[in-house]
Amino acid sequence: MNMTIPFDNSFARLGNAFHSRQLPVRVAAPRLVAFNDDLAGVLGISPGDAAEQAQVFGGNHLPEGAEPLAQLYAGHQFGNYNPQLGDGRAVLLGETIGRDGQRRDIQLKGSGRTPYSRGGDGRAWLGPVLREYIVSEAMHALGIPTTRALAVVETGEDVLREVTLPGAVLTRVAASHLRVGTFQIFAARGDLTSLAQLTDYAIARHYPGANGPMGLLEKVRDAQAALIAGWMGVGFIHGVMNTDNCAISGETIDYGPCAFMDGYHPDTVFSSIDHMGRYAYANQPNIAVWNLAQLATALIQLADDRDAAVEQASEIVHAMPALIEAQWLARFRAKLGLTTARAGGQAGDRALIEDLLVRMAAGQADFTNTFRALGDERARDQFADPSAFDGWASEWAARCVGEPDVPATLRAANPAFIPRNHQIEQMIEAAVGGGVGGNMGGDYAPFHRLNTVLAQPFADQPDHSDLKRPPSADEAVQATYCGT
Ligand code: AMP
Ligand code: MG
């Protein structure tokens, strides 16, 4: 083996209360589909060759220094507390401290059963694995905190869902996999020793200098507020913002039934299981606050003076909506090309943004293409009734007077390319190809093309302008699935 990974496994050292040692389960015929050389470089991995990568990131060969384990956590799923979840289909291989000095987890997802599988098979099929690779790397290129994707390996095994599908393993890289649910499980069990140990660990790893549990709560709040504003600014809908899918680091994590909107509407929901619209686009700020309140509830238990801690935690949580709002405003002002503060306060800018969004919703305007086209004549073409845009544009033009460089601000804030759902579906179809039934050899050209184009989402890339096109009526994806 020529591949080396400089592991330093702080979570494994934390002790048995937090995880179960678990080897990845061997797969029949691992074959490398994708490897992220740039990310490997950042992690300090000397990559070896494709055959080795398939062995390591398929789970058949354990690299030196790995200490694989499944992490324990709980979580509120759609508002209901589930007292035990955990990595049911993933193992943490270990951590590296990268060339940039950052500690990151390297995790295999789809690596077989663990003590936390709860009746599941521990596997993933190729579709959601490719989806997470594309969407997480696109999110990174868009400048929004996210877990990343290091490798995809076909397992050469069938996975049985409603039909038989080709199996795959995703190698995911994260600042950590600590979730709100990681704290909840120890709080719910009354295991305050472990909860305190976890809190100290999280502070040391993510927010050194944070002052105790309430200091941590504040830092998580700020990171989550920035994250949600980032999602709103690119039309992203996570789809399953359960507390077990809410990372302490502030990274986007667990890409399941997620999607970017095409036509703008605040109530947009894709997830097939989200019947009430709990995780609809415009409800994400509310849910982020709800999730933070669950973290607060857990952390309060560590206080000697509970009453004082409740008061302090409430203050921290109650400040979150205004923080999200401020970040949202900054993002959307930039999306209108504005950098200067408005004379007389921000209320006018908020109204200007909301007026555009209301017109976009009514006019079925494409979210990404409308903002990208601001400042040229194509913007009005995005609206079913272009005069609806004209009515807004005159006010916007007046607001732009005195702004230093509106076109440059617009281009830097508004991507030309996002991973559109119908393109992802078409990419998966090509990759699976005749492969349903575990028969390999699909067409990965669309996967590699999407990956290349989405690495530079703010560049025009005229050769790929077909990827800017919203779906036609028969291409539109109506529902997305958790993909387990
Ligand atoms: P997720 O929807 O990916 O956030 O997963 C929710 C929970 O279900 C986590 O504890 C997962 O580990 C578990 N899970 C999801 N899919 C599977 C699977 N195929 N086998 C075992 N556990 C799974
Ligand atoms: Mg999850």
Side-chain angles (χ1 to χ4, degrees), residues 18-20 22-25 27 59 68-93 105 107-133 135-136 146-147 149 155 157-185 188 227 237-249 251-259 270-274 278-279 287-288 291 294-295 479-484:
F18 303 93
H19 49 72
S20 298
Q22 176 66 54
L23 291 171
V25 180
V27 299
L69 57 85
Q71 291 185 325
L72 184 61
Y73 54 86
H76 278 91
Q77 299 178 304
F78 288 89
N80 302 309
Y81 187 65
N82 189 326
Q84 206 214 282
L85 294 164
D87 291 333
R89 53 166 163 169
V91 292
L92 178 66
L93 282 185
D105 282 4
Q107 189 203 60
L108 303 185
K109 188 171 172 184
S111 54
R113 302 198 75 236
T114 78
Y116 314 127
S117 294
R118 298 176 300 144
D121 63 0
R123 293 298 185 188
W125 76 274
L126 186 56
V129 166
L130 296 178
R131 169 187 284 268
E132 178 159 350
Y133 193 106
V135 181
S136 65
T146 177
T147 63
T155 61
E157 293 177 0
D158 289 347
V159 171
L160 190 63
R161 295 296 177 256
E162 262 125 56
V163 289
T164 305
L165 295 158
V169 177
L170 177 77
T171 304
R172 173 162 77 179
V173 172
S176 84
H177 285 82
L178 301 181
R179 309 142 191 271
V180 169
T182 318
F183 291 79
Q184 286 182 287
I185 195 164
L227 177 65
I237 301 159
H238 182 284
V240 262
M241 293 175 69
N242 294 332
T243 57
D244 55 303
N245 294 335
C246 176
I248 294 303
S249 64
E251 287 183 343
T252 314
I253 194 170
D254 269 6
Y255 291 85
C258 63
F270 285 100
S271 172
S272 62
I273 55 173
D274 191 359
R278 179 181 170 91
Y279 300 139
I287 291 295
N291 286 348
Q294 307 316 311
L295 179 63
T480 51
Y481 300 88
C482 277
T484 58

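Start at 1 and go down the list; that is how both ligands and their atoms are numbered.
Only the side chain of R118 comes within 4.0 Å of ligand 1, counting heavy atoms alone; its backbone N, CA, C and O stay farther away. Counting heavy atoms under 4.0 Å from ligand 1, residue Q71 does not touch it at all. Proximity of Y73 to ligand 1, defined as any heavy-atom pair under 4.0 Å, is confined to the side chain (atoms from C-beta onward). Residue contacts with ligand 1, taken as heavy atom pairs separated by less than 4.0 Å, involve N245 solely via side-chain atoms from C-beta onward.
D254 has its closest N, O or S atom to the Mg ion (ligand 2) at the position named OD2.
Using a 4.5 Å heavy-atom threshold, the side chains of Q71 and T182 count as separate. The side-chain heavy atoms of F18 and L69, taken from C-beta on, include no pair separated by under 4.5 Å. The shortest distance between side-chain heavy atoms of D254 and H177 does not fall below 4.5 Å.
Residue G88 has at least one N or O atom closer than 3.5 Å to an N or O atom of ligand 1. In terms of N/O distances under 3.5 Å, ligand 1 is approached by R89. Of the polar atoms of D87, none of the N or O atoms is found under 3.5 Å from an N or O of ligand 1, judged by distance alone.
Atom CG in N245 sits 7.0 Å away from atom OH in Y73 (nearest 0.5 Å). The CG atom of N242 lies 11.0 Å from the CD atom of Q294; values are rounded to the nearest 0.5 Å. For the atom pair H76 NE2 and Q184 CD, the distance stands at 5.5 Å (nearest 0.5 Å). For the atom pair OG1 (T155) and CZ (R123), the distance works out to 6.5 Å, reported to the nearest 0.5 Å.
Atoms of ligand 1 found under 4.0 Å from any heavy atom of G120 (numbered from 1 in listed order, with element): 20 (N), 21 (C). In the vicinity of D254, heavy-atom distances shorter than 4.0 Å reach the ligand 1 atoms 4 (O). Counting the atoms of ligand 1 from 1 in the order shown, those under 4.0 Å from a heavy atom of R161 are 19 (N). Atoms of ligand 1 lying under 4.0 Å from any heavy atom of S117, numbered from 1 in the order shown and given with element: 21 (C), 22 (N). Close contacts of ligand 1 with R123, meaning ligand atoms under 4.0 Å from a residue heavy atom, involve 19 (N). Taking every heavy atom of G122 and a limit of under 4.0 angstrom, the matching atoms of ligand 1 come to 18 (C), 19 (N), 20 (N), 21 (C).
Counting backbone and side-chain atoms alike, N245 contributes an N/O/S atom closer than 2.8 Å to the Mg ion (ligand 2). For residue D244, no N/O/S atom approaches the Mg ion (ligand 2) to within less than 2.8 Å.
Salt bridge D121/R161: present, at least one basic N to carboxylate O contact under 4.0 Å.
Scanning all heavy atoms of the two residues, the minimum distance from L23 to P68 falls at CD2-CG, 3.8 Å. The heavy-atom pair separating P83 from A74 by the smallest distance is O-CB, 3.5 Å. For the pair T114 and A90, the tightest heavy-atom approach, listed with the atom from each and the gap, is CG2-O, 3.8 Å. Smallest separation of non-hydrogen atoms from A124 and V129: CB-CG2, 3.8 Å.
The shell of residues lying under 4.0 angstrom from ligand 1, judged by heavy atoms, includes D121. Under a 4.0 Å heavy-atom criterion, K109 is not in contact with ligand 1. Remark: distances from the non-hydrogen atoms of G86 to ligand 1 include one below 4.0 Å.
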